[in-house]
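See below for the structure under consideration.
All values below come from the heavy atoms of this structure, side chains included, with hydrogens, waters and symmetry mates left out. All residue numbers refer to positions in the sequence shown, counting from 1. Both ligands and their constituent atoms are indexed starting at 1 by order of listing.
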Amino acid sequence: MQILISSEQIQQRVRAMAYEIHRDHPDGVHLIAVLKGAFVFLSDLARAMPGRCSLDFMAVSSYGTSTNSSGQVQLLKDLESTLEGRDVVIVEDIVDTGLTLNYMQKILRARSPRHLRTACLLSKPSRRQVDVKIDYIGFEIEDRFVVGYGLDYAEEYRNLPYIAVLDGPAESRAG
Ligand code: 5GP
């Protein structure tokens, strides 16, 4: 396993993202984390947020193999809060094909927030299948399967404080 982004690099970037989000939402922000992968990012982001902030959680599942998504998304857990008229930021661990985020943005936009923006820790632009707007990106990475800082492989490695590459280039992956 090779460390791609160190814990120190992540902490520094997440703090900067929290300030950027606060600057764009001086009156406060409602953060919506996508479980399970975003729980570590959310926790650091929320604690670094200078202003008012409230939280809620959604869970979705993207079908596919453990390292490749098929693009079908299912809502497993809905929000407990209403979004109408609120400043909402979706907090995602990683945007790969963009299909999960595209689905999230579509269903949340239909709930009439005042603003709907998206923060993701990692983005793999070369893998995009749909053109989704991301307002705050932690790091752009190449097409490698990564784990740690909330991201898993078969439910393991979420506890690593850094981002690591688990396997070789995507060409060698099945599916
Ligand atoms: P999408 O392809 O819809 O943008 O991403 C779907 C989901 O696949 C992400 O939310 C994430 O859970 C998972 N995923 C995509 N790339 C990776 C990766 O490199 N590592 C891990 N652990 N999960 C990933």
Side-chain angles (χ1 to χ4, degrees), residues 1-7 9-11 13-14 17 21 30-46 55-79 88-111 116-175:
M1 199 184 285
Q2 172 204 339
I3 297 182
L4 189 66
I5 309 172
S6 71
S7 171
Q9 285 174 295
I10 297 172
Q11 293 305 323
R13 184 71 193 113
V14 170
M17 292 174 84
I21 294 172
H30 189 50
L31 300 177
I32 293 181
V34 187
L35 295 172
K36 299 175 190 169
F39 82 103
V40 179
F41 178 37
L42 173 83
S43 142
D44 283 343
L45 190 70
L55 312 173
D56 205 346
F57 297 90
M58 273 182 117
V60 295
S61 87
S62 316
Y63 292 106
T65 65
S66 48
T67 59
N68 253 327
S69 91
S70 70
Q72 281 176 289
V73 183
Q74 188 192 4
L75 183 60
L76 299 178
K77 182 206 173 300
D78 205 344
L79 299 174
V88 174
V89 174
I90 300 172
V91 178
E92 256 285 27
D93 49 3
I94 185 163
V95 181
D96 184 36
T97 62
L99 292 161
T100 307
L101 181 60
N102 192 46
Y103 170 84
M104 298 279 305
Q105 290 181 344
K106 209 156 52 180
I107 62 169
L108 298 185
R109 201 172 287 121
R111 300 179 188 186
L116 180 67
R117 297 191 171 106
T118 300
C120 73
L121 183 73
L122 303 173
S123 171
K124 292 185 198 169
S126 67
R127 293 262 305 159
R128 216 62 101 238
Q129 287 178 24
V130 282
D131 186 22
V132 278
K133 183 163 186 274
I134 310 171
D135 304 275
Y136 314 97
I137 297 177
F139 302 90
E140 289 199 339
I141 61 169
E142 288 176 12
D143 181 15
R144 311 287 296 274
F145 190 80
V146 291
V147 295
Y149 200 73
L151 287 158
D152 76 311
Y153 175 71
E155 293 301 327
E156 287 193 49
Y157 309 110
R158 293 192 196 275
N159 54 318
L160 299 177
Y162 47 79
I163 299 285
V165 176
L166 193 62
D167 64 357
E171 300 84 86
S172 63
R173 296 202 305 249

Proximal ligand 1 atoms for [X], defined as those under 4.0 Å from one of its heavy atoms:
X	result
L151	21 (C), 22 (N), 23 (N)
T100	1 (P), 3 (O), 5 (O), 6 (C)
D93	10 (O), 12 (O)
D152	21 (C), 22 (N)
K124	16 (N), 17 (C), 18 (C), 19 (O)
T97	1 (P), 2 (O), 3 (O), 4 (O)

Q: Could you tell me whether G98 and ligand 1 have an N or O pair separated by under 3.5 Å?
A: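 Yes, G98 has an N/O under 3.5 Å of an N/O on ligand 1.
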
Within-shell test, [X] vs ligand 1, heavy atom, strictly < 4.0 Å:
X	result
G37	no
V146	yes
Y153	no
R127	no

Close side-chain approach of [X] to [Y], heavy-atom, < 4.5 Å:
X	Y	answer
I94	I141	yes
R128	V95	yes
R111	V88	no
I134	S123	yes

Q) For ligand 1, which part of R144 has a heavy atom less than 4.0 Å away: the side chain, the backbone, both, or neither? A) backbone

Q. Can you tell which part of L122 has a heavy atom less than 4.0 Å from ligand 1: side chain, backbone, both or neither?
A.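 Neither; nothing of L122 gets under 4.0 Å from ligand 1.
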
Q.
Which heavy atom of M104 sits nearest to which heavy atom of M58, and what is that distance?
A. CE-SD, 3.4 Å

(Q) Has Q105 got a side-chain atom pairing as donor or acceptor with I90's backbone, closer than 3.5 angstrom? (A)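 A pair under 3.5 Å: no.
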
(Q) Test of understanding: with side chain to side chain contact (heavy atoms under 4.5 Å, CB included), list the residues that count as partners of P161, not counting sequence neighbours. (A)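 By the side chain to side chain contact (heavy atoms under 4.5 Å, CB included) rule, P161 matches S7.
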
Q.
Just verifying a value: how many Å separate Y157 OH and L166 CG, rounded to the nearest 0.5 Å?
A. 5.5 Å

Q | NZ/NE/NH1/NH2 to OD/OE distance under 4.0 Å, D93 and R158 | A | no

